[in-house]
Amino acid sequence: IKKQTNPAAFGGRNSLRIFYEEGFGLYRGALWTAARNAPGSFALFGGSAFVKEFLFHLEDYNRATFLQNFAASIGGAVASIAVSAPLDVVKTRIQARPFDSPKSGMAIVRDMVRQEGFSAFFKGLTPKILVVGPKLVFSFTCAQWLIPQIDRWTRAAELK
């Protein structure tokens with residue numbers, strides 16, 4: 001993130017030199033990333049299940065067609081990205097701050113609320129949905145379609 005937002009911060013140093021000088025500072029935002037992933041995953045699976053159940057009225061999700069899985073994946077992906085956006089914004093700001101900045105994640109949250117308001121937590125949401133969404137939809141659709149297919153293939157092989 002820092003290399004993208006402030007390439008001068010690395011001043012011609014190679015990767016080994018950066019790792020040596022910055023150490024674990026390169027992992028700033030890791031806990032915020034982990035905290036973002038849990039609600040994002042819940043929203044992905046929950047949003048997908050919501051679409052399958054309430055839009056398509058499926059009782060057995062393994063019987064969803066490819067197009068039903070695709071539509072459910074869109075719902076899940078949008079929900080996942082929207083739910084994880086606030087923590088993702090904080091994580092990105094932690095990673096983009098100067099290496100020598102002692103500012104904590106909670107201090108960044110307080111400053112965001114005071115200076116920019118609650119909407120700051122959703123900055124970049126539309127571009128993120130447009131960029132990350134299709135990748136998430138593709139992979140989740142494939143996984144949700146393939147899992148029952150593989151189950152059927154293995155059951156058929158066991159019967160032989």
Side-chain angles (χ1 to χ4, degrees), residues 1-10 15 18-19 22 24-99 105-106 108-109 111-113 115-157:
I1 297 289
K2 187 174 298 308
K3 186 102 172 165
Q4 292 172 350
T5 59
N6 184 9
F10 291 96
S15 296
I18 293 167
F19 280 110
E22 307 303 339
F24 285 104
L26 292 172
Y27 291 95
R28 286 184 182 156
L31 291 176
W32 288 87
T33 301
R36 162 200 87 179
N37 287 345
S41 294
F42 285 127
L44 174 65
F45 288 96
S48 175
F50 180 87
V51 171
K52 287 178 181 178
E53 187 155 335
F54 294 104
L55 186 64
F56 297 122
H57 307 290
L58 293 173
E59 291 181 17
D60 181 2
Y61 297 167
N62 288 330
R63 298 206 183 278
T65 66
F66 184 82
L67 289 176
Q68 287 172 326
N69 279 317
F70 178 71
S73 293
I74 291 171
V78 171
S80 175
I81 294 167
V83 165
S84 64
L87 292 167
D88 204 31
V89 169
V90 174
K91 181 248 342 165
T92 301
R93 290 186 183 201
I94 290 169
Q95 291 173 334
R97 73 180 188 220
F99 282 118
M106 289 310 294
I108 290 173
V109 169
D111 290 347
M112 285 175 62
V113 171
Q115 297 167 4
E116 303 171 65
F118 186 72
S119 65
F121 292 102
F122 295 95
K123 282 187 174 179
L125 181 61
T126 301
K128 188 160 188 176
I129 288 172
L130 294 174
V131 172
V132 177
K135 294 185 281 187
L136 190 53
V137 168
F138 174 77
S139 60
F140 199 63
T141 299
C142 290
Q144 293 299 296
W145 184 79
L146 277 173
I147 290 168
Q149 300 304 320
I150 292 169
D151 187 47
R152 286 186 198 113
W153 296 334
T154 56
R155 286 181 192 207

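Any value given below was found using the heavy atoms of this structure, including those in side chains, with hydrogens, waters and symmetry copies removed. When a residue number appears, it is its place in the shown sequence, counting from 1. Owing to the predicted nature of the structure, the values given are computational and were not obtained by experimental measurement.
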* To do: Scan for salt bridge (charged side-chain N to carboxylate O under 4.0 Å, His left out) pairs involving residues 73-87, sequence neighbours excluded, and state none if there are none.
  =>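 Of all non-adjacent pairs touching residues 73-87, none passes salt bridge (charged side-chain N to carboxylate O under 4.0 Å, His left out).
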* Using the salt bridge (charged side-chain N to carboxylate O under 4.0 Å, His left out) rule, collect all pairs that involve residues 44-55, keeping only residues at least two apart or in two chains. =>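 Applying salt bridge (charged side-chain N to carboxylate O under 4.0 Å, His left out) to every pair that reaches into residues 44-55, excluding sequence neighbours, yields nothing.
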* Asked: Which pair of heavy atoms, one from Pro86 and one from Phe122, lies closest together, and at what distance?
  ->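 Taking every non-hydrogen atom into account, CG-CZ, 3.6 Å.
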* Asked: How far apart are the closest heavy atoms of Gly124 and Pro127, and which atoms are they?
  ->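 Reported closest heavy-atom pair: O-CD, 3.3 Å.
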* Taking side chain to side chain donor-acceptor pair (under 3.5 Å) as the test, write out the residues that go with Asp151, two or more places apart. =>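 Asp151 satisfies side chain to side chain donor-acceptor pair (under 3.5 Å) with Arg155 only.
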* Check side chain to side chain donor-acceptor pair (under 3.5 Å) between Glu116 and all other residues, then give those that pass, not counting sequence neighbours. =>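 With neighbours one apart ignored, the set is Arg93, Lys123.
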* Does CZ belonging to Phe70 count more than 12 external heavy atoms closer than 6.0 Å? ->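 It does not: Phe70 CZ has 12 such atoms or fewer within range.
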Which residues satisfy the side chain to side chain contact (heavy atoms under 4.5 Å, CB included) test with [X], sequence neighbours excluded?
X	value
Thr65	Leu67, Gln68
Trp32	Leu87, Val90, Lys91, Ile94, Met106, Val109
Ile129	Val78, Ile81, Leu125

* **salt bridge (Lys or Arg N to Asp or Glu O under 4.0 Å) partners for Arg63, two or more places apart** =>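 Applying salt bridge (Lys or Arg N to Asp or Glu O under 4.0 Å) to Arg63 gives Asp60.
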Which atom pairs, donor and acceptor, lie under 3.5 Å between side-chain atoms of residues 34-51 and protein residues at least two apart or in another chain?
{"from": "Arg36", "atom 1": "NH1", "to": "Asp88", "atom 2": "OD1", "distance (Å)": "2.5"}
{"from": "Asn37", "atom 1": "ND2", "to": "Thr33", "atom 2": "O", "distance (Å)": "3.4"}
{"from": "Ser41", "atom 1": "OG", "to": "Asn37", "atom 2": "O", "distance (Å)": "3.0"}

* Asked: Got a second to check how far Phe66's CZ is from Cys142's SG, nearest 0.5 Å?
  ->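 With rounding to 0.5 Å, CZ (Phe66) is 5.5 Å from SG (Cys142).
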* To do: Enter the distance from Arg152:CZ to Leu146:CG here, rounded to the nearest 0.5 Å.
  =>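 So the CZ of Arg152 and the CG of Leu146 are separated by 11.0 Å.
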* Asked: Got a sec, which residues hit ring-ring contact (aromatic ring centres under 6.0 Å, His included) with Phe121, two or more places apart in sequence or on another chain?
  ->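 Residues passing ring-ring contact (aromatic ring centres under 6.0 Å, His included) with Phe121: Phe118.
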Validation: residues 132-140 side-chain donor-acceptor distances under 3.5 Å, sequence neighbours left out:
{"from": "Ser139", "atom 1": "OG", "to": "Lys135", "atom 2": "O", "distance (Å)": "3.1"}
{"from": "Ser139", "atom 1": "OG", "to": "Leu136", "atom 2": "O", "distance (Å)": "3.2"}

